[in-house]
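Notes for the one structure printed next.
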Number of protein chains: 2
Amino acid sequence: MGNAADIAKELAVPPGGLPSQIEQIDHRLNLIAAWQRGGADFSARCVDIGCGQGDQTAALAGLQQGEVVGVDPGPPDYGAPFTLAEAQACLLASPLGARVTFEHSDAPSYLASTPLKFATAVLSHSLWYFPSQAAILDTFVALRKAGVRHLALAEWSLSIGHLDALPHLLSVLTQSLDVGPDSEANVRCPVSPAVLRRLAEQAGWTLSHEETLAQPSLRDGEWEAAAGRALRGETPLMQTHSDALTAACERTKSIACMDVWAAVFT
Amino acid sequence: MGNAADIAKELAVPPGGLPSQIEQIDHRLNLIAAWQRGGADFSARCVDIGCGQGDQTAALAGLQQGEVVGVDPGPPDYGAPFTLAEAQACLLASPLGARVTFEHSDAPSYLASTPLKFATAVLSHSLWYFPSQAAILDTFVALRKAGVRHLALAEWSLSIGHLDALPHLLSVLTQSLDVGPDSEANVRCPVSPAVLRRLAEQAGWTLSHEETLAQPSLRDGEWEAAAGRALRGETPLMQTHSDALTAACERTKSIACMDVWAAVFT
């Protein structure tokens, strides 16, 4: 159960969507490997904060090591083509499900209410969904207070190594003009690695490892570029961003993804 | 007097600055060639709106065709290491000076007050200095009313063909968060080619030619990246932009420039 294809076929996958689901799980396994290089421990129970539909949760469960609790405050009916509830139910019903529990909660409330202890907390591509930097800080503080030993983070780095990823980067800067706590978009609080490092340190964590991973073949860049181009703003600021994004898309044959930042704090 | 080196040595050039001044004039000659491909006529009198220190004015005068009036509302003491007044005086005192006049005025006021007629109006890297899109529109309308036959524009395109130009692009998006009519920066109204086309058409002009020129070796990208990195804003929006710019600079050995958009309207 340790490889991406075996894990991906256990998930709720739309018809024809298996190749991109395999790539997504492969990416999540790469992140686990990066966190392990940084000393993160998945042999005991871990918590996946902002687990969403459970891609990272499934990859962690696929390690066949400790059990995994996925925590997400998102509405059960959020997401397409499968909702959070549907995707989570599918994972729970699979052979991976024996190691997995899902909790519908924000992290500080969940951590205050559970008697469970966690070796490692993972926040994997969930940080930009937070409503604010203050909410990220609250979660980092709550994880510290809960005695979690390793904090493992992964998020888009705002840095590109190839021009094909420019639409992804510009779509995030464009969307950043239009974010807020009421947003339903994927980009609500687009923080950089530098800001995440500062927030973690403010919460008492110490950086022990960080690296940058290229993951160009994921489809996220393409999806975000479409989301950025769909924004209609008439301010000069939005026009400038939006026109730069359009120009980048027009010069790109196949939109790639930004690099990903992975880090471990203790 | 038609080549960049001959023209550049007539200008106010700081010690050691001649190579980059030659590159700048070479770029301005390339723009003239692009506008000529689009049918712009420099055999009769032309007006250089937002002439600044006179680089484009000098390149136009170097054609040895019609006379050139450079118009700029900028304070005579603006600019470094030479002020507008010093740079313009130097050009006027050179062999090129016989074909050149400078007027310290905004374009609509100047055009309303002069009896002169112009075959072509040039706005070359001056559009982003305007206080607003409305002010650009007013100038396009005034040029139309004044009977100018060709409107020749050149501005950074917000589009890059090489990753080395990413800091230039991101510096402009970063600076666009901090612009306004009171700004002293180079980037005050960073409009895209699409917006400029729309403003020109709104003023009654019809696009007859446009092209994109690569000019990577100019130093503007480097200067703007420094200006963007010097901005200190504590909003999440500014942090995100600024950290993306920093990441781009850290990955770039030699900062290049965005492509330039050149267009002719009749």
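Hydrogens, waters and symmetry mates are skipped; everything else that's a heavy atom, side chains included, is used. Reminder, nothing fancy here: chain letters follow the sequence lines and each chain counts from 1.
Contact count against chain A (heavy-atom pairs under 4.5 Å) is highest for B:Gly161 among B:Ser157, B:Ala248, B:Gly161. Options B:Thr240, B:Val191, B:Leu177 differ in how many heavy-atom pairs under 4.5 Å they form with chain A, and the most are formed by B:Thr240. Ranked by heavy-atom pairs under 4.5 Å with chain B, the first of A:Pro190, A:Cys189, A:Ser132, A:Pro236 is A:Pro190. In terms of non-hydrogen atom pairs under 4.5 Å with chain B, the most contact-rich of A:Val195, A:Thr246, A:Ile160 is A:Ile160.
Atom OG of B:Ser242 and atom CG of A:Leu158 lie 11.0 Å apart (nearest 0.5 Å). Here the CD atom belonging to A:Glu250 is positioned 8.5 Å from the OG atom belonging to B:Ser159, to the nearest 0.5 angstrom. Between atom NE2 of residue B:His241 and atom CG of residue A:Leu173 there is a gap of 4.5 Å, rounded to the nearest 0.5 Å. One finds the OG1 atom of B:Thr212 at 7.0 Å from the CZ atom of A:Arg251 (value rounded to the nearest 0.5 Å).
Taking the side chain as every heavy atom from C-beta outward, A:Ser192 and B:Gln239 never approach each other to under 4.5 Å.
Residues from residues 165-172 of chain A that place a non-hydrogen atom less than 4.5 Å from a non-hydrogen atom of chain B comprise A:Leu166, A:Leu169, A:Leu170, given in numerical order.
For chain A, no part of B:Asp164 is nearby; none of its heavy atoms comes within less than 4.5 Å. With a 4.5 Å cut-off on non-hydrogen atoms, B:Leu237 touches chain A through its side chain but not through its backbone. For A:Ala244, the parts lying under 4.5 angstrom from a heavy atom of chain B are both the backbone and the side chain.
Among residues two or more places apart in sequence or in another chain, the side-chain hydrogen bond (donor to acceptor under 3.5 Å, both in side chains) test is passed with A:Ser109 by A:Asp106.
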